[in-house]
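Reviewing the structure listed below.
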Amino acid sequence: MPPAPASDGSAPAPSLASDGAAPVRSGSGVALPPGAAAPAPVRPRSRGALPPDTAVTAPVRPRSRVAPLPGVDAVTPARPGSDRSTSGARASGGSDPVSPVGQRLSPVGQRRSVPPRQRGAREPAPAPVRCTPAPGPARPAGSRRRIRLATVFSLALFTAIGVRLVVLQVGQSPAEVDLLLAQQRSRLVEIELPAARGSIVDRSGAVLARSVEARYVYADPQLIEDAPAAAARLSPLLGIAPSRLTRLMARQKRPSGADSRFEYLARGVDIPLARRVDDLGLAGIGTGRDERRDSSGADLASNLIGFTGEDRTGLEGLEARYDDVLRGRDGRLVHERGNPQVDDGRLAKEIPSGYHRLTPARPGATLHLTIDRDLQFQAQRALCPTLARAAAAFGAAVVLDVRTGEVLVQASCPGFNAAKPLDLEPAERADVASSVAAEPGSTHKAFVVAAALQEGVITADTTVPAGGPLVRGGTPFADEHPQPAGTRLTIPEVLAYSSNVGTIAVADRLGPQRIFDYQRRFGLGATTGEGMPGESAGRLLAPPQWSPSATGSVPIGASVDATLLQMAAGYAAIANDGVYVAPRLVQSAVAADGTVTPGPAPRTHRVLSPEVAAEVRTMLEAVVVLPGATGRRAAVPGYRVAGKTGTLDRLVDGRYTSANAVSFIGMAPAEAPRYVVAVSAAVPRGAGGEVAAPVFSSIMGLTLSRYRVPPSTARPPSFE
């Protein structure tokens, strides 16, 4: 029986099955095996009804809008009530439509044409299409995998480190651990970085002592094969005995147990000499940057400044007193280097990625003194040659600013070469002005007269007996310039002729207690605190300690010890209208970063009233102007000078000798003093007016000229 025609009028598809059953095709046009049930047709999501005999496939909804391929019409969803099962364009020229969506296939796989829409028929509105929001960007599948791998790797790394630590702490024996640590320590090199020592400068910034660039020579004992041979070649250059160099080059252990890899052989070596050491090419011998202490003059203020040792530590003078200020703080470099025993030592260099720790050095502060370098130089030229001609054992000179207490000059003779300090004995290197306490002699008489005037027991018109010796405690006291019996002297004459008898007579009116009190007010019996190490406080006898002869010896400057600096400060109180100002030697300390630390403020207190101080100054002028006075040679042309000579038998080991301790202390201009100059010396013969007074005149003249002090306009007073 022939097949029934199709509902759309097309010819029936021929049968391909051998048993006469037509193959069943699915909605997608794929033939199914005989006897298989055809899948249910997929109904579109749209609400429009399709013809009951039309099977459609489910439209594929793209996730994004995709442009149609060339030559292919876009597929539109079927509309409800339409006579077409697809929204594809109709085929032209009798050809089949391009899109298979919504079309029914013939048994032979041919597409059926959808009846055309009737002309004039209104196409119903399309049904609303439900749109689902497009999903966000998907995470790449590889990123999650990389995170997992990184996590696994990190956990494995920390696990390995933990296991290694456990093995080191528990699994290995203490000997093995010590071996590992020793191997690590053997690669560490520790180098000390010396800090530059601060300079010592004068009041204007001129250098008195400083550190200059030099070199040090060192040895690495682990690299030296023949120490005696190396020492023999270095000894002529360094000036060090070969035996000492050999001991320094010997292999030794540090306190930590590590091998010594660095030993100093010489410090402060000149740069040209260090180059000659490098030219030797000795294995394990090298040079490095160092510094050496140098002074602007070989002996300029050397007793005052002192010197340092090879390790740049202050040993004497201001270098020792302010060592903690000057020396700074050394730095340190610790780094890891290669094994020097491999590749002929060429690997013994710092490992770029190895251990490296640097502690920078901090330079020391600069010490600013009150000293005037040029005036110090001129004072030494005036003092030392004169004392050398007088065969003096030692001597000193001090210049003070009476208003501020600043020490402008502090010179000692003999001096020494700061570069070779060990050529002299310690006693010969001492600062005489501050460390040698001796009996001041007649310069002490000015304090007794000033105390008597202040206490009102004498006046400017008072006269005292001066003829004949006085006996105190069985000891006679006579004048060096004898006066006729029954002579009475005025107080200025007592000072001008340095009368021992007249001074004792004035002291009798004061009494021991008041003399002792004024000695302390003038600064005797205590250090001045100017800043020098080893400053002597001198010696005073309290009244209960006075012997019967002390009433005669103490007023004339015996049985009391004082330094030249103490006596100069006492005279400065008279020059400063009766106000004592303690001497000071240090202005400030300036750190490397510019921080300024002022020196300690000087101690001050009143000793005399301004009127009494002026009277004493006038009386002291008689020492220089009266005919036959002891200080005539202390005069300074153009200036009024007030001062006092001193001459006393010198004490050696507690016994008086034929040698003399001579001095002169004075001020100028006497009408308004600006400076005090004190000079002392230990000479075999001569008096203060003969040895010390001329030196005073030279130094005072230089001081007044340097600071441009106007000459005196008034004439000295006349004494009757």
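Residue numbers count from 1 along this sequence.
- Looking at D577 and R606, no side-chain N of the basic residue comes within less than 4.0 Å of a carboxylate O on the acidic one, giving no salt bridge.
- Few gaps surround CZ on R539; more than 12 heavy atoms of other groups in view lie less than 6.0 Å from it.
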| request: Apply side-chain contact (heavy atoms from CB on, under 4.5 Å) to L265 and L234, showing your working. | output: CA-CA 10 Å; L265 300 182; L234 288 174; 3.9 Å; yes
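- Of all heavy-atom pairs between G328 and A195, the closest is C-CB, 4.4 Å.
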| message | With side-chain contact (heavy atoms from CB on, under 4.5 Å) as the criterion, how do Q380 and L300 come out once you've worked through the C-alpha distance, each side chain's angles and the decisive distance to 0.1 Å? | response | CA-CA 8 Å; Q380 288 186 204; L300 181 62; 4.0 Å; yes
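- Judged by distance alone, with hydrogens and angles left aside, the side-chain atoms of T159 form a donor-acceptor pair with the main-chain N or O of L155 at under 3.5 Å.
- Residues Y218 and F262 place their aromatic rings such that the two centres sit under 6.0 Å apart.
- If you take CG on L367 and OG on S588, they are separated by 8.0 Å, rounding to the nearest 0.5 Å.
- Tested against M532, the residues T563, L304, V586 include a single side-chain contact (heavy atoms from CB on, under 4.5 Å) partner, L304.
- Taking both residues in full, the closest heavy atoms of P602 and T404 are given as CG-O, 4.1 Å, listed atom of the first, atom of the second, then distance.
- Salt bridge D290/R215: absent, no basic N to carboxylate O contact under 4.0 Å.
- The closest side-chain heavy-atom distance from E263 to M249 is not below 4.5 Å.
- Taking a cutoff of 4.0 Å between a charged side-chain nitrogen and a carboxylate oxygen, E213 and R289 qualify as a salt bridge.
- A salt bridge links D270 to R292: at least one charged side-chain nitrogen sits closer than 4.0 Å to a carboxylate oxygen.
- Nearest approach of A562 to P440, heavy atoms of both residues: N-CD, 4.5 Å.
- Put simply, the side chain of P583 reaches to within 4.5 Å of the side chain of L565, judged on heavy atoms.
- Considering all non-hydrogen atoms of both residues, T246 and P228 come closest at OG1-CA, 4.0 Å.
- No donor-acceptor pair under 3.5 Å is formed between the side chain of R357 and the backbone N or O of L333.
- With sequence neighbours left out, the ring-ring contact (aromatic ring centres under 6.0 Å, His included) criterion links F377 to no other residue.
- You'll find the side chain of L369 reaches within 4.5 Å of the side chain of L318, heavy atoms only.
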| task | Start with the C-alpha gap between R210 and D294, add the side-chain angles, then the distance that decides, and say whether salt bridge (Lys or Arg N to Asp or Glu O under 4.0 Å) holds. | result | CA-CA 5 Å; R210 63 179 178 180; D294 194 10; 5.2 Å; no
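- Salt-bridge formation is not detected for the pair D401/R674: no Lys NZ or Arg NE/NH1/NH2 atom is positioned less than 4.0 Å from an Asp or Glu carboxylate oxygen.
- Within 6.0 Å of CZ on R381 lie no more than 12 heavy atoms contributed by other residues, nucleotides or ligands.
- Of the inter-residue distances, the one linking S536 atom OG with D561 atom CG reads 7.5 Å to the nearest 0.5 angstrom.
- In this structure the side chain of Q566 never reaches within 4.5 angstrom of the side chain of F522, judged on heavy atoms.
- Put simply, OG on S204 and CD1 on I371 are 11.5 Å apart, with the number rounded to the nearest 0.5 Å.
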| Can you list the steps and then say if S211 with R293 is a side-chain hydrogen bond (donor to acceptor under 3.5 Å, both in side chains)? | CA-CA 4 Å; S211 295; R293 204 63 172 168; 3.0 Å; yes
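- Y707 has its ring centre less than 6.0 Å from the ring centre of Y675.
- Of all heavy-atom pairs between L387 and C413, the closest is CD1-CB, 4.3 Å.
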| said: Using the rule given for side-chain contact (heavy atoms from CB on, under 4.5 Å), can you reason through V432 versus L564, listing the C-alpha separation, both sets of side-chain angles and the distance that settles it, and then say yes or no? | reply: CA-CA 8 Å; V432 177; L564 183 63; over 6 Å; no
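- Closest non-hydrogen pair, M667 versus Y571, comes out as CE-O, 3.7 Å.
- Residues V269 and T287 fail the side-chain proximity criterion, which asks for heavy atoms closer than 4.5 Å.
- In this structure, NZ on K420 lies 14.0 Å from OG on S302, to the nearest 0.5 angstrom.
- Within the 4.5 Å cutoff, the side chain of V402 has no heavy atoms near those of the V581 side chain.
- Contact check on R254 versus D259 returns no salt bridge, with no Lys/Arg side-chain nitrogen under 4.0 Å from an Asp/Glu carboxylate oxygen.
- Between atom CG of residue D220 and atom CZ of residue R251 there is a gap of 9.0 Å, rounded to the nearest 0.5 Å.
- Distance check: S705 OG to Q378 CD gives 8.0 Å after rounding to the nearest 0.5 Å.
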| request: Step by step, work out the side-chain hydrogen bond (donor to acceptor under 3.5 Å, both in side chains) result for Q410 and E530. | output: CA-CA 11 Å; Q410 189 162 320; E530 69 154 355; 2.9 Å; yes
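- Judged purely by atom type and a 3.5 angstrom limit, H605 has no side-chain atom pairing as donor or acceptor with the backbone of Y580.
- Residues passing the side-chain contact (heavy atoms from CB on, under 4.5 Å) test with S698 are A382, sequence neighbours excluded.
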| query | Checking side-chain contact (heavy atoms from CB on, under 4.5 Å) for the pair S235/L245: CA distance, chi angles, key distance, verdict? | reply | CA-CA 8 Å; S235 178; L245 292 176; 4.2 Å; yes
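- Remark: side-chain polar atoms of T313 are not paired, donor with acceptor, to backbone N or O of G309 under 3.5 angstrom.
- Between R373 and D202 there is no salt bridge, since none of the side-chain N atoms of the basic residue sits less than 4.0 Å from a carboxylate O of the acidic one.
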| Under the side-chain hydrogen bond (donor to acceptor under 3.5 Å, both in side chains) criterion, do T528 and E535 qualify, and how do the steps go? | CA-CA 8 Å; T528 65; E535 181 183 1; 2.6 Å; yes
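- Between E406 and R203 there is a salt bridge, since a side-chain N of the basic residue sits under 4.0 Å from a carboxylate O of the acidic one.
- Between R197 and E319, the closest side-chain pair of non-hydrogen atoms falls below 4.5 Å.
- You'll find the side chain of L400 reaches within 4.5 Å of the side chain of V407, heavy atoms only.
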